[in-house]
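Before anything else, here's the structure in question.
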Amino acid sequence: MHAADKKLVFTNGCFDILHRGHVEYLAFARAQGDALCVGLNSDASVRRNKGPSRPINREQDRAYVLGSLRAVDFIVIFDDNEPRELIAEILPHVLVKGRDWAHYVSGREIVEAHGGKVVLADLVEGRSTTGTIERILKVYGKMALHP
């Protein structure tokens, strides 16, 4: 990408139960450059960050679903709690993170030190993996899944 003078965009996340908010976010991220690389938290990393009941879907399944999206060009599964070292290795031109992370964007200083920029994406209101899980539990939590 660097040699071809193409703009590489990077973002990261768990992307556990893919929903509209994720898809809009990834399309926004991809629109910031020529290719989008998604750093996908490994299962162990998700457990450390979100707790022992997560992820719902395994890393290989999450990577497969993400890879099926038109906006995603590359996926790298990483095991660290945050993608700082991966960002240092990839050196993207643009680092995208949700506006809810404005207070701390892992790798910001690395990207900016190499002439890149950080772009904060608006969130889609009412769309989150936690909200999806809560709705599922509310509807099905007291019901037997197999009568």
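Bear in mind the structure is a predicted one, so any value in this text is a computation, not a measurement. Side-chain atoms are counted along with the backbone in the values below, which use heavy atoms only and exclude waters and symmetry mates.
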Inspect the contact between Lys50 and Asp16 and indicate whether a charged nitrogen and a carboxylate oxygen are less than 4.0 angstrom apart.
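Looking at Lys50 together with Asp16, the answer is no, because their closest N to O distance does not fall below 4.0 Å.
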Checking Ser42 side chain against Ile77 main chain: does a donor-acceptor pair fall under 3.5 Å?
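Checking the backbone N and O of Ile77 against the side chain of Ser42, no donor-acceptor pair under 3.5 Å is found.
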Check Leu36 against Ala71 and note the closest heavy-atom contact, atom names and distance.
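Minimum heavy-atom contact is CB-O, 3.4 Å.
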Do you reckon Val94 sits in the same ILVMFWY cluster as Leu69, going by side-chain contacts under 4.5 Å, direct or chained?
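Yes, same cluster.
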Which pair of non-hydrogen atoms, one from Ile56 and one from Ser53, has the smallest distance, and what is that distance?
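Looking at all heavy atoms of both residues, the shortest contact is CD1-O, 4.0 Å.
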Is a salt bridge present between Glu24 and Arg20, judged by a nitrogen-to-oxygen distance below 4.0 Å?
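So Glu24 pairs with Arg20 through a salt bridge.
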Of all the heavy-atom pairs spanning Ala29 and Val9, show the shortest one and how long it is.
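Minimum heavy-atom separation between Ala29 and Val9: O-CG1, 3.3 Å.
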Just one of Asp80, Val76, Asp79 clears the side-chain contact (heavy atoms from CB on, under 4.5 Å) bar with Leu86, so which one?
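Single side-chain contact (heavy atoms from CB on, under 4.5 Å) partner of Leu86 among Asp80, Val76, Asp79: Val76.
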Just by distance, do the side chain of Arg54 and the backbone of Val46 share a donor-acceptor pair under 3.5 Å?
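Side chain of Arg54 to backbone of Val46: no pair is present.
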Please report the C-alpha distance between Ile90 and Phe10 in whole Å, then the side-chain angles of each, then the deciding distance to 0.1 Å, and finally whether the side chain to side chain contact (heavy atoms under 4.5 Å, CB included) criterion is met.
CA-CA 9 Å; Ile90 293 173; Phe10 180 87; 4.1 Å; yes
Would you call Glu134 and Leu137 a side-chain contact if the rule is heavy atoms closer than 4.5 Å?
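Side-chain contact under 4.5 Å: no.
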List the steps, then state whether salt bridge (Lys or Arg N to Asp or Glu O under 4.0 Å) holds for Arg99 with Asp122.
CA-CA 6 Å; Arg99 198 164 297 285; Asp122 290 329; 2.7 Å; yes
How far apart are the closest heavy atoms of Leu95 and Ser106, and which atoms are they?
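Heavy-atom minimum between the residues: CD2-O, 3.5 Å.
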Stepwise, does the side chain to side chain contact (heavy atoms under 4.5 Å, CB included) test hold for Asn12 with Lys97?
CA-CA 8 Å; Asn12 68 284; Lys97 202 64 185 160; 3.4 Å; yes
Nearest-0.5 Å distance that lies between atom CG in Leu8 and atom NE2 in His93
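Separation between the atoms: 7.0 Å.
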Check whether any side-chain N or O of Arg62 sits under 3.5 Å from a backbone N or O of Cys14 as a donor-acceptor pair, and report yes or no.
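At least one qualifying donor-acceptor pair exists.
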In plain terms, say whether Asp34 and Lys7 are close enough for a salt bridge, that is, a side-chain N and a carboxylate O under 4.0 Å apart.
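Salt bridge between Asp34 and Lys7, a charged N being under 4.0 Å from a carboxylate O: no.
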Check for a donor-acceptor pair, side chain of Arg30 on one end and backbone N or O of Leu26 on the other, with a separation under 3.5 Å.
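Pair absent, no side-chain N/O of Arg30 close to backbone of Leu26.
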Using modelled atom types and a 3.5 Å cut-off, is there a donor and acceptor pairing between side-chain atoms of Asn49 and backbone atoms of Ser45?
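Pair found, side chain donor or acceptor close to backbone of Ser45.
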Could you report the tightest heavy-atom contact between Gly98 and Leu120, atom names first, then the distance?
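Looking at all heavy atoms of both residues, the closest pair is O-CD2, 4.1 Å.
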Looking only at heavy atoms, what is the nearest atom pair of Glu112 and Val118, with distance?
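Where Glu112 meets Val118 most closely, the heavy atoms are OE2-CG2, 4.0 Å.
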I'd like to know if the side chain of His114 and the backbone of Gly116 have a donor-acceptor N/O pair within less than 3.5 Å.
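Side chain of His114 to backbone of Gly116, a donor-acceptor pair under 3.5 Å: no, none is there.
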With a 3.5 Å cut-off and no angle check, do the side chains of Asn81 and Arg48 form a donor-acceptor pair?
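Yes.
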Answer yes or no: is there a side-chain heavy-atom contact under 4.5 Å between Pro92 and Val111?
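Pro92 vs Val111: side chains touch.
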CZ of Phe78 to CG of Leu40: how many Å apart, nearest 0.5 Å?
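Phe78 CZ to Leu40 CG: 7.5 Å, rounded to 0.5 Å.
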Any donor and acceptor pair, going by atom type alone, linking the side chain of Gln32 with main-chain N or O of Phe28 inside 3.5 Å?
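Here the side-chain-to-backbone pair exists.
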Ion pair Glu109/Arg84, N-O distance below 4.0 Å
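Yes, this pair counts.
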Joint hydrophobic cluster, Val38 plus Ile87, side-chain heavy atoms closer than 4.5 Å
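Different clusters: Val38 never reaches Ile87 through Ile, Leu, Val, Met, Phe, Trp or Tyr contacts under 4.5 Å.
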Does the side chain of Ile75 reach to within under 4.5 Å of the side chain of Val72, using non-hydrogen atoms?
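Ile75 reaches Val72 side chain to side chain.
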Whether His22 side chain and Phe15 backbone form a donor-acceptor pair below 3.5 Å
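No: the side chain of His22 does not pair with the backbone of Phe15.
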